[in-house]
Amino acid sequence: MEPRYDPHGVEERWQRTWEQEGLYNAEADDPRPPYTICFPPPNVTGELHLGHALNGSIQDALIRWHRMRGFNTLFQPGYDHAGISTQNVIEKQLAEEGKTRHDIGREAFVERTWAWLEATGRTIFEQLRKLGASMDYRRERFTMDEGYIRAVMRFFVHLYERGWIYRDNRIINWCPFHESSLSDLELIHDDVDDTIFYIGYPFAAGGEGVTIATVRPATILADVAVAVHPDDERYRDLVGREVVVPYVERRVPVIADERVEPEFGTGALKVTPGHDPTDFEIGRAHGLPEPAVIGPDGRMNERAGDLAGLTQEEAGERVIAWCRERGLLEKQEPYRHAVARCERCKSRIEPLISLQWWCAMDELKRPALEALRERRVVYHPESQHRFAIESLETAPDWNISRQLWWGHQLPVWYCPDGHVTVVETDPDACGDCGATELTREEDVLDTWFSSALWPLATLGWPDGTPELRTFYPGDVSVTAREIIRLWENRMIFAGLELLGDVPFTDVIITSTILAPDKRRMSKSLGTGIDPREVISQHGADATRYGLLKISSTQDVAFSYGAIEEGRKLANKLWNASRLLLQAGEGDEVALRPRDVEERWILARIDSVRATVEEDLSAFDFSHVAHSLYRLTFDDFCDWYLESIKPRLYAGDADARATGLAALERVLKLLHPLMPHVTEEIWSHLPARATRLIVAPWPEADPAHADAIDSLERVQDAAGIFRRSGVLVKLGDDEKRIFDAVVKPERVAANGNAAAEIERLQKEVDRAEKMLANDRFVQNAAPDVVEAEREKLARYRRELDALSG
RNA sequence: GGGCGCGUAGCUCAGCGGGAGAGCGCCCGCUUCACACGCGGGAGGUCGCUGGUUCGAUCCCAGCCGCGCCCACCA
């Protein structure tokens with residue numbers, strides 16, 4: 001064994017070995033209790049980023065821990081077809097060839113997408129293998145593989161038959177670039193500098209009229225009313241009167257609606273149901289018409305009269321000029337406000353009324369809300385649990401149709417008479433009239449519609465497979481905050497609706513990793529860090545350790561220091577094992593603690609085991625990493641191994657056998673975090689019959705607990721021993737050694753009894769003062785007072801020993 | 001506008017009612033037979049500010065200042 005641990009080669013070797021030996025595999029007929037985690041299916045076109053790496057490290061730590069604890073673990077891999085995102089990639093390729101998707105047609109487009117995926121997609125799981133993620137790679141699924149498509153079709157038909165899927169003309173977010181609707185959750189909001197115009201709408205009967213404020217003057221052409229708040233005293237008398245819309249010179253009513261904000265602008269709102277979501281709601285409530293003057297391409301349409309064909313900006317200018325000429329433009333001001341953009345192409349979103357498919361949420365979300373409130377599913381941290389409930393409560397009906405070509409085409413067919421047939425596979429005839437000339441709905445489903453089925457469909461649903469029976473419901477889902485509403489909540493209601501049970505019991509929301517300088521990681525800022533490089537440079541174990549160490553409930557800065565720490569820990573373990581192995585020949589690994597330091601380290605390991613179990617159960621991975629680092633460096637190496645060196649050098653077989661047994665336990669505790677180095681060391685230990693990855697997790701071992709207290713005080717002086725070049729031999733009477741040997745040595749080594757006495761005197765004074773305080777003695781918890789008394793007694797003893 | 005969170009050593013962060021901590025960095029000393037990716041020693045902090053609760057507050061409460069994130073249809 002070399003004196004330096006080098007992860008290169010070692011990690012790849014174990015990854016191959018584990019997989020080849022089938023140790024990642026999960027079997028449905030395994031009688032052990034199941035433990036299931038589905039890796040959130042990454043975009044099929046994507047590459048591993050730090051979010052994946054952190055997610056993978058967390059999930060794999062949980063999986064490996066449970067595997068060692070005797071669970072039949074399934075870590076499920078797979079990809080998402082990622083509708084818009086993938087279509088984007090292909091459209092960009094086409095654009096480089098000077099073409100659009102319409103030039104090659106739908107069939108060729110879809111074919112091309114598949115061909116491209118075959119050639120270049122699906123690389124993330126190769127990268128996750130290099131992280132050591134112990135997934136059952138045989139079970140890789142895709143949201144558009146044959147079985148999965150059946151699941152999606154079944155889900156749609158199921159919801160349709162429940163009466164929850166409907167088609168309606170409603171206002172949606174239209175992306176002019178993708179020429180598709182988008183859900184609210186697929187938007188981003190950006191501040192832009194705009195101009196707000198104040199425009200007078202004269203009374204139809206003549207006179208001043210009312211002034212409104214708008215940033216989109218082009219939409220004036222589609223105004224159907226002016227609305228004010230019902231309690232707005234200023235406008236009370238106006239309600240019911242008619243005003244004239246500028247430019248088009250159309251008479252429209254003044255109405256009252258609570259959705260109007262009296263404080264904003266002039267408190268009077270021009271109502272444009274065709275081009276604004278709020279106005280749309282107001283319009284529906286008042287039964288107003290919904291004219292549209294802007295088309296799907298974002299330009300003015302034929303209903304815009306002489307402005308048809310213009311961009312909105314051009315049309316707006318013409319409208320403003322018209323108003324200015326007639327003295328209707330009261331003022332204009334610079335105005336900064338947020339606008340919605342497509343999260344993929346950044347195009348400005350056009351609110352348009354469009355015929356779309358919808359999924360009603362009221363019935364679907366009710367059982368999910370119940371499950372969340374009863375905590376059958378719990379989000380971690382707790383603040384996210386509240387957010388998840390709130391999000392679900394307020395979830396509007398779901399726009400599930402997209403006007404894209406890449407995705408699951410809706411299982412909806414129309415006959416020439418306009419009858420609608422909804423079935424899972426191509427029907428022969430119209431369900432209503434028997435007509436055989438059917439055309440299929442062109443729209444595809446929102447990508448998240450299929451993602452919602454991930455925990456079920458990957459296990460074979462809608463078929464009643466053994467996998468589904470064994471591994472559903474699963475256990476944990478690990479994901480990022482922004483995906484709670486898009487994905488997690490939807491998996492919950494889909495699972496409850498289709499199988500009557502939640503898909504998992506815990507959802508871990510991971511922290512966002514920022515660049516080391518706390519800026520957002522982004523390619524354009526050049527602040528991105530590629531986890532694949534980190535892994536190849538520092539090793540998978542160090543990367544895993546580092547990511548888990550910095551993980552928390554808030555946003556965290558990436559830290560190479562934490563990765564370094566992981567590397568150091570691996571090296572330390574490696575050398576600790578060398579010390580023990582080189583100290584003798586035998587292949588004995590056995591607990592034969594003779595001296596208190598041996599009982600002490602066993603007790604420490606057991607105490608850390610308990611802490612680690614608690615922290616893993618609470619998903620506090622940072623704390624786990626911290627505890628194990630301290631255990632390895634401070635307790636195991638700096639103190640315990642140092643103290644048994646004399647015995648090891650003397651060839652004491654018991655000391656070696658016990659040391660190896662203790663080392664084994666430490667390796668086990670660390671394996672979920674740093675699987676490779678621990679397995680590698682394990683393989684060097686004598687007579688290893690089994691792999692560490694499937695070795696049993698340490699049992700509770702309280703046998704040596706009493707050794708902790710007695711030795712820890714002596715440990716306090718350990719530094720002195722080593723510095724003075726003396727290796728202390730600790731007998732049963734540690735206390736005697738401490739008082740008689742350690743103290744004087746410490747003083748001698750420091751050459752500084754006065755300072756030590758001063759320090760102790762300060763402690764004594766402090767403790768005496770507290771204990772003399774009646775209110776402290778009466779009010780503080782009894783064990784706190786007792787601890788203080790013990791401290792005082794100890795300080796006094798030490799003080800006596802020094803000054804006496 | 002709403003929600004969440006954060007301000008502790010030069011940097012990154014842990015601790016969260018009774019002794020101010022870790023990693024990295026810095027200074028001093030060690031080629032001690034596991035490890036210089038190491039060992040020992042050390043410097044460095046009014047624990048954002050102001051009040052309150054308490055015998056006692058970095059820790060609980062309120063306000064303020066600063067920073068970040070998420071959500072949002074104020075035209």
Side-chain angles (χ1 to χ4, degrees), chain A residues 1-6 171 173 184-185 189 196 212-216 219 227 259-266 268-272 276-281 335 337-338 340 351 381 383-384 386-387 390-391 394 481-482 484-485 511-512 514 516-518 520 542 549-550 552-562 564-565 567-583 622-623 626 629-630 633-634 637-638 641-642 645 648-649 718-720 722-725 727 749-750 762-763 766-767 769-770 773-781 784-785 787-788 791 795:
Chain A
M1 291 171 81
E2 296 296 314
R4 285 184 189 179
Y5 173 70
D6 182 5
I171 198 149
N173 306 297
D184 292 347
L185 307 178
H189 292 87
I196 188 161
I212 58 87
T214 182
V215 292
R216 301 180 67 198
T219 63
R259 277 162 278 229
V260 179
E261 297 287 337
E263 275 74 44
F264 187 87
T266 62
L269 168 72
K270 71 186 207 54
V271 181
T272 321
D276 183 276
T278 308
D279 296 13
F280 177 81
E281 281 181 31
Y335 182 59
H337 66 137
S383 57
Q384 300 301 333
R386 292 196 301 275
F387 172 71
E390 231 177 83
S391 307
T394 58
R481 209 163 29 209
E482 60 265 27
I484 290 176
R485 302 188 302 169
S511 35
T512 304
L514 306 173
D517 59 4
K518 298 200 83 174
R520 202 166 185 72
K549 180 74 194 292
I550 63 170
S552 75
T553 58
Q554 62 187 66
D555 297 343
V556 292
F558 182 81
S559 155
Y560 282 104
E564 273 306 298
E565 209 177 296
R567 225 178 46 145
K568 278 172 51 181
L569 179 54
N571 192 57
K572 194 70 176 174
L573 281 170
W574 179 253
N575 280 294
S577 70
R578 288 178 66 224
L579 171 65
L580 287 165
L581 288 168
Q582 288 169 8
S622 176
H623 203 211
H626 182 78
Y629 188 92
R630 295 262 72 87
F633 272 80
D634 299 351
C637 292
D638 288 355
L641 286 183
E642 290 301 331
K645 267 182 179 175
L648 288 177
Y649 293 154
I720 305 305
R722 283 199 291 280
R723 188 171 62 178
S724 50
L727 285 164
N750 283 341
K762 248 175 82 184
E763 299 286 9
R766 187 188 58 81
K769 189 178 154 203
M770 280 174 68
N773 183 338
D774 285 347
R775 300 176 79 170
F776 165 67
V777 175
Q778 283 157 19
N779 296 328
V784 171
V785 178
E788 209 53 50
K791 271 193 250 173
Y795 293 143

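Just so it is clear: chains get the letters A, B, ... in the order the sequence lines come, proteins before strands, and each one is counted from 1.
- Between the CG atom of A:D774 and the P atom of B:G18 there is a distance of 21 Å, given to the nearest Å.
- Comparing the same atom, P, in B:C16 and in B:G21 gives a spacing of 15 Å after rounding to whole Å.
- Counting only N and O atoms by type, the side chains of A:K270 and A:T219 include a donor and acceptor under 3.5 Å apart.
- Separating the CD atom of A:E564 from the C1' atom of B:G25 is a distance of 13 Å, rounded to the nearest angstrom.
- Phosphate proximity of B:A34 to A:Y649: present, with a side-chain N or O under 4.0 Å from OP1 or OP2.
- Between B:U12 and B:C6, the two C1' atoms lie 14 Å apart (nearest whole Å).
- Taking atom C1' on both nucleotides, B:G44 is separated from B:C24 by 14 Å, rounded to a whole Å.
- Look at CZ on A:R775: it is 9 Å from P on B:U54, rounded to the nearest Å.
- Ionic pairing of A:E642 and A:K645 is present here: one or more N-O contacts between side-chain nitrogen and carboxylate oxygen are shorter than 4.0 angstrom.
- Comparing the C1' positions of B:A36 and B:G45 gives an interatomic distance of 30 Å, to the nearest angstrom.
- The phosphate of B:A75 (OP1 or OP2) has a side-chain N or O of A:Y335 nearer than 4.0 angstrom.
- Remark: B:G5 base-pairs with B:C67; criterion is Watson-Crick or G-U wobble with both hydrogen-bond distances under 3.5 Å.
- Nucleotides B:G52 and B:G17 place their C1' atoms 15 Å apart, quoted to the nearest Å.
- Proximity note for A:P3 (side chain, C-beta onward) versus B:C37, B:A22, B:C35: the nearest is B:C35.
- Ring planes of A:H626 and A:H623: parallel class, angle under 30° (limits at 30 and 60°).
- One finds a side-chain N or O of A:R4 lying less than 4.0 angstrom from the OP1 or OP2 phosphate oxygen of B:C37.
- When distances run from any side-chain atom of A:N773 to the nucleotides B:C37, B:C55, B:G40, the shortest one goes to B:C55.
- Within the 4.0 angstrom heavy-atom criterion, base atoms lie near A:V260.
- Protein atom CG of A:N575 is 13 Å distant from nucleotide atom C1' of B:C39, rounded to whole Å.
- Side-chain N/O atoms of A:R485 include one lying less than 4.0 angstrom from OP1 or OP2 on B:A72.
- Judged by Watson-Crick or G-U wobble contacts below 3.5 Å, the nucleotide B:C73 has no partner.
- Here A:K572 does not reach the OP1 or OP2 of B:G23: none of its side-chain N or O atoms lies under 4.0 Å away.
- Among the protein residues, A:R630 comes within range of the sugar-phosphate backbone only, with heavy atoms under 4.0 Å from sugar or phosphate atoms but none that close to a base.
- Atom P of nucleotide B:G3 and atom CZ of A:R481 are separated by 17 Å, given to the nearest angstrom.
- In this structure, the CD atom of A:E482 is 13 Å from the P atom of B:C69, given to the nearest Å.
- Remark: B:G10 base-pairs with B:C24; criterion is Watson-Crick or G-U wobble with both hydrogen-bond distances under 3.5 Å.
- Spacing between B:G41 and B:A22 at atom P, rounded to whole Å, works out to 12 Å.
- The aromatic rings of A:F264 and A:Y335 lie perpendicular to each other, with more than 60° between the two planes, well past the 30° mark.
- A:N571 comes within 4.0 angstrom of a nucleotide base, judged by non-hydrogen atoms across all strands.
- Between B:C26 and B:G68, the two C1' atoms lie 30 Å apart (nearest whole Å).
- Atom P of B:A9 sits at a distance of 16 Å from the matching atom of B:A20, rounded to the whole Å.
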